[in-house]
Amino acid sequence: MPAFAYRAIDPQGKRLTGSADAPTGQALARSLEDRGLVVAEINEEAFGSQSVALGGPSTRDLVEVTRALAALLPAGLPLAKALVASRTLTRGALSQTLDLVRQRVERGDALATALADHPAVFPPMYVGLVRAGEKSGDLDGAFTRLAAQLERDEELRSKLISAAIYPSLLALVGGAAVLVLLLLVIPRFGDLLQGSGAQMPRTTAIVLALSGALREHWPWLFVLAGAVATFGVWAANSAQGARAAATSALSLPLIGRMRRELLAARFARLTAVLLAGGAPLLGALDDVTDSLGDPVARDDVARIRGRVREGASLNRAIAEGSLFPTLLAELVSIGEQSGRLQDFLAKAADVFERRTERTTARVVALAEPAMIVAFGGVVGFVALALLQAIYGVNAGSFR
């Protein structure tokens, strides 16, 4: 018999939490209500732990489910049955979470409230847009906009990852080749040349010294790799690490500009989608703040929301900060003056997304030949140094 965790309120208004075994969540709810309790939430413990362990669904699964809901709800299918039908399109954590959401909906909870209890599966932007759709009575439209936004995010992410694969592979293979050359090949030639007693050319001496230093201190390479891995784990699992990584990325010359444009596109797109779903501006900014993964961007959007709440215009609040490009504030200003803020936010998102794609393509186009020339230069320098030494050695010195 499955175990369920529950939250309830007793007749005196006191909140109670606990767990109990029951055939189904509905059976436990009836049992608690018979005791005079008002049930606030029931979750099957096995499902919840599995959802956390699996780390949430893939974006593609979430898009498929969202598309299904966007198609089923306009056809007149009740929400609970639409959730059951969309549940068949996926497996694992998302399927189990949809079953829990359906149970909450059948008990009369709002869909956004049920989704908000599973933040590892449904991001704040997802919940915020569903909440706005429920308030405006356009839930099917909210799911249509959600599916389009998720697909757009996945497409941009795929383009960026695909563009970075070849340069990363080239850097890995080239770096490994240089290490093999300095650690294994050069020392053999060094022993032969130094044994001849001939005077080494300056270039050869430099190469042999570098090879010797690398062979002597090669364990530091593992220390450096471990430090990089530790920093990555720290950045991924702590707020301080994430902030340090985000600040470092924004301070880099080219990467910082690309990062700012990508964050501006994300901010503009999410705000436009939420406004299109019927959310008020302050509520949309709240959801955008929770949806951004970059801590520096979250802080800046929270500052923007505070300024808007104080009565400042959105474009002025954006311009007062240093994170987003100036163009974003200018486009927002035009949108506010023309009464088409949502449209101009969407245009701004398109502009910055295209800029990011073009900049990434240019960087990749330049990085590939640059790395080839760099690694070729290293190999050529080493070969030249060895040839100079070989030709300078007196043949009689080997006797």
Side-chain angles (χ1 to χ4, degrees), residues 2-11 13-52 56-57 62 65-66 68-70 72-74 76-90 93-146 274 277-280 283 286-287 290-291:
F4 293 88
Y6 66 85
R7 290 188 299 166
I9 302 174
D10 64 11
K14 183 179 179 180
R15 295 180 179 272
L16 303 176
T17 60
S19 61
D21 295 336
T24 63
Q26 292 90 337
L28 178 59
R30 288 193 297 269
S31 174
L32 295 173
E33 290 169 355
D34 291 340
R35 292 162 49 188
L37 302 177
V38 177
V39 178
E41 180 183 3
I42 292 180
N43 288 323
E44 187 170 354
E45 293 181 333
F47 286 171
S49 61
Q50 186 174 0
S51 176
V52 173
L62 193 56
V65 168
T66 306
L69 291 171
L72 292 171
L73 292 177
L77 197 66
L79 179 57
K81 292 186 177 180
L83 290 169
V84 172
S86 61
R87 182 177 181 269
T88 61
L89 299 175
T90 184
L94 182 55
S95 176
Q96 297 168 352
T97 303
L98 286 173
D99 193 45
L100 294 176
V101 170
R102 176 190 58 79
Q103 294 176 16
R104 294 283 302 277
V105 169
E106 288 178 342
R107 293 205 305 268
D109 291 338
L111 177 59
T113 303
L115 296 176
D117 287 336
H118 306 280
V121 179
F122 303 104
M125 184 272 295
Y126 198 105
V127 177
L129 192 53
V130 169
R131 182 178 292 112
E134 286 182 313
K135 291 179 180 178
S136 63
D138 186 25
L139 188 58
D140 52 341
F143 279 112
T144 301
R145 286 186 288 271
L146 269 172
L274 289 167
D286 274 335
D287 290 328
D290 294 333
S291 301

Novice: Just how far is it from atom CG of Asp109 to atom CD of Gln103, taken to the nearest 0.5 Å?
Specialist: 11.0 Å
Novice: Of all residues at least two apart in sequence or in a different chain, which pass the ring pair (Phe, Tyr, Trp, His ring centres under 6.0 Å) check with Phe143?
Specialist: none
Novice: If you compare all heavy atoms of Arg87 against all heavy atoms of Leu98, which two are closest, and at what distance to 0.1 Å?
Specialist: CA-CD1, 3.9 Å
Novice: Say you draw a straight line from CG of Leu69 to CG of Leu111; how long is it, rounded to the nearest 0.5 Å?
Specialist: 8.0 Å
Novice: Minimum heavy-atom separation for Ala112 to Val127, with atom names?
Specialist: O-CG1, 3.5 Å
Novice: State, with a plain yes or no, whether a side-chain heavy atom of Leu94 is found less than 4.5 Å away from one of Phe122.
Specialist: yes
Novice: Going by side chain to side chain contact (heavy atoms under 4.5 Å, CB included), name the residues that satisfy it together with Thr113, two or more places apart in sequence or in a different chain.
Specialist: Arg104, Ala110
Novice: Donor-acceptor pairs under 3.5 Å, side chain of residues 78-86 to any protein atom, not counting sequence neighbours: which ones?
Specialist:
unit_1	atom_1	unit_2	atom_2	d
Ser86	OG	Ala82	O	3.1
Ser86	OG	Leu83	O	3.0

